[in-house]
Amino acid sequence: MAEAPADARTEDRAGAAGAVQPPAVRVQGLWKRFGEQVAVAGIDLELPAGQFVGLVGPNGAGKTTTLSMVTGLLRPDSGRVEIDGHDVWQDPVAVKSRIGVLPEGLRLFERLSGRELLAYTGRLRGLPGEEVDRRAAQLLDVLDLAGSQHKLVVDYSTGMRKKIGLASALLHNPRVLFLDEPFEGVDPVSAQTIRGVLERYTASGATVVFSSHVMELVESLCDWVAVMAAGRIRARGTLAEVRGDAPSLQAAFLELVGAHAGASGQDLEWLGGAR
Ligand code: ATP
């Protein structure tokens with residue numbers, strides 16, 4: 001479970017595969033402060049390509065801030081990010097053509113229908129109209145949104161919003177897909193649908209990077225995990241490496257981030273007592 005140099009881990013994996021595959025994402029010395037608050041404290045990270053990668057950590061660990069900087073939505077105070085070998089801030093157009101993003105607090109064009117939103121996104125991505133129509137129809141079908149495609153996005157449920165957001169992020173067939181809490185507020189049926197689409201996508205060699213604090217989900221989905229706490233990377237590696245001897249990822253996670261006594265609620269002696 002101990003930290004190992006990212007390069008060593010990447011070399012191990014590449015060695016096993018017989019060829020050196022560059023990382024999907026390379027982060028070097030990334031820092032972000034908000035006033036006095038250090039949100040991300042100089043992280044170095046290499047995320048392997050073609051894998052389902054989970055970024056996990058407790059509330060306030062810095063996951064969203066990290067993903068925002070990695071995807072070019074937030075400028076770091078210092079540090080570098082490369083995606084597929086392209087620098088996020090020096091070469092933003094190349095990077096944006098290679099990534100799809102489903103951010104936290106997803107903002108969508110509410111007065112468009114789901115279908116119109118995909119048509120707009122596809123044209124913005126420079127895809128020919130016919131191709132946009134073809135891909136949009138398939139995505140709507142697979143994500144079980146075909147029946148609601150003419151409804152306005154403002155009338156979509158939380159799960160439907162996640163799914164149309166995912167369809168928009170996938171439309172241009174990115175190499176790396178970033179998802180911030182993709183399953184939050186999503187019912188088990190929709191979660192299964194989303195999961196199926198993501199599994200098919202990674203099977204084709206693409207990379208999914210997603211953040212979550214639901215350990216069971218991460219354990220069942222991810223090949224590779226990075227654990228963040230207080231703005232730093234506390235562990236990284238394959239699921240088995242990060243889990244170590246712990247019985248579950250949840251147990252390893254609690255050990256790594258240091259669950260404290262107050263978390264059990266023992267200070268709240270008045271709660272549930274005589275009124
Ligand atoms: P969660 O799981 O709760 O979403 P997180 O791991 O995504 O948490 P971040 O949202 O990245 O964590 O926040 C990391 C730290 O940075 C927190 O202490 C947060 O309060 C702070 N922070 C994040 N964004 C801002 C901002 N725009 N202004 C000030 N502080 C911020």
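In what follows, residues are counted from 1 in the order of the sequence shown. Below, all heavy atoms of this structure are taken into account, side chains as well, without hydrogens, waters or symmetry copies.
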A side-chain contact here means heavy atoms from C-beta on lying under 4.5 Å apart; do [X] and [Y] qualify?
{"X": "V209", "Y": "L179", "result": "no"}
{"X": "T65", "Y": "F34", "result": "yes"}
{"X": "F178", "Y": "I99", "result": "yes"}
{"X": "V56", "Y": "M215", "result": "yes"}
{"X": "K32", "Y": "M69", "result": "yes"}
{"X": "W224", "Y": "L239", "result": "no"}
{"X": "D87", "Y": "V81", "result": "no"}
{"X": "P182", "Y": "L166", "result": "no"}

Verdict with reasoning, R135 to L127, per side chain to side chain contact (heavy atoms under 4.5 Å, CB included): CA-CA 10 Å; R135 293 185 186 187; L127 292 170; 3.9 Å; yes
Applying side chain to side chain contact (heavy atoms under 4.5 Å, CB included), run through R195 and S220 and close with a yes or a no. CA-CA 10 Å; R195 211 178 150 129; S220 69; 3.3 Å; yes
Using 4.0 Å as the upper bound for N to carboxylate O, is an ion pair formed by E130 and R134?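 Salt bridge: no.
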Atom pair [atom1]/[atom2] of [X] and [Y] - distance to nearest 0.5 Å:
{"X": "N173", "Y": "S204", "atom1": "CG", "atom2": "OG", "answer": "6.5 Å"}
{"X": "L45", "Y": "L30", "atom1": "CG", "atom2": "CG", "answer": "9.5 Å"}
{"X": "M228", "Y": "T66", "atom1": "CE", "atom2": "OG1", "answer": "3.5 Å"}
{"X": "E46", "Y": "R236", "atom1": "CD", "atom2": "CZ", "answer": "8.5 Å"}
{"X": "L140", "Y": "I164", "atom1": "CG", "atom2": "CD1", "answer": "5.0 Å"}
{"X": "H172", "Y": "R125", "atom1": "NE2", "atom2": "CZ", "answer": "3.5 Å"}

At their closest point, which heavy atom of [X] faces which heavy atom of [Y], and how far apart are they?
{"X": "V53", "Y": "P48", "result": "CG2-O, 4.1 Å"}
{"X": "A61", "Y": "A229", "result": "CB-CA, 4.0 Å"}
{"X": "V242", "Y": "G237", "result": "CG2-N, 3.7 Å"}
{"X": "G100", "Y": "P174", "result": "N-CB, 3.4 Å"}
{"X": "G231", "Y": "I43", "result": "O-CG2, 3.3 Å"}
{"X": "L256", "Y": "A235", "result": "CD1-CB, 3.8 Å"}

Extract all donor-acceptor atom pairs below 3.5 Å that involve side chains of residues 149-160 and protein atoms in other chains or at least two apart in sequence.
unit_1, atom_1, unit_2, atom_2, d
Q149, OE1, R115, NH1, 3.0
Q149, NE2, A146, O, 3.1
Y156, OH, S148, O, 2.7
S157, OG, M160, N, 3.2

Identify every side-chain donor-acceptor pair in residues 71-79 under 3.5 Å, counting partners at least two apart or on other chains, and give the distances.
unit_1, atom_1, unit_2, atom_2, d
T71, OG1, L67, O, 2.7
T71, OG1, S68, O, 3.4
D77, OD2, R33, N, 2.7

Is it possible for you to say whether [X] and [Y] belong to one hydrophobic cluster, with membership spreading through side-chain heavy-atom contacts below 4.5 Å?
{"X": "V93", "Y": "L124", "result": "no"}
{"X": "L139", "Y": "L112", "result": "yes"}
{"X": "W31", "Y": "W89", "result": "no"}
{"X": "V40", "Y": "V38", "result": "no"}

Might you work through the side chain to side chain contact (heavy atoms under 4.5 Å, CB included) test for L221 and E199, ending with a clear yes or no? CA-CA 9 Å; L221 269 179; E199 277 168 355; 3.9 Å; yes
Just jot down the ring-ring contact (aromatic ring centres under 6.0 Å, His included) partners of F52, sequence neighbours excluded, or say none.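 If we apply the ring-ring contact (aromatic ring centres under 6.0 Å, His included) test to F52, skipping adjacent residues, the hits are F210.
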Holding to side chain to side chain contact (heavy atoms under 4.5 Å, CB included), I want the full list of residues that pass it with D91, two or more places apart in sequence or in another chain.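 H86, A94.
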[X] side chain to [Y] backbone, donor-acceptor under 3.5 Å:
{"X": "T207", "Y": "G50", "value": "yes"}
{"X": "S190", "Y": "D187", "value": "no"}
{"X": "D44", "Y": "G29", "value": "yes"}

Just grab all the salt bridge (charged side-chain N to carboxylate O under 4.0 Å, His left out) pairs involving residues 211-223, residues at least two apart or on different chains.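 Salt bridge (charged side-chain N to carboxylate O under 4.0 Å, His left out) check on residues 211-223 returns E219-R243.
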Does anything in residues 158-186 pair up under salt bridge (charged side-chain N to carboxylate O under 4.0 Å, His left out), and if so which pairs, sequence neighbours excluded?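 The answer is E110-R161.
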For R232, is the CZ atom crowded, meaning more than 12 foreign heavy atoms sit under 6.0 Å from it?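 No, the 6.0 Å shell around CZ holds no more than 12 heavy atoms from other groups.
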Mind running side chain to side chain contact (heavy atoms under 4.5 Å, CB included) on L143 and V197 for me, showing each step along the way? CA-CA 8 Å; L143 289 166; V197 171; 3.8 Å; yes
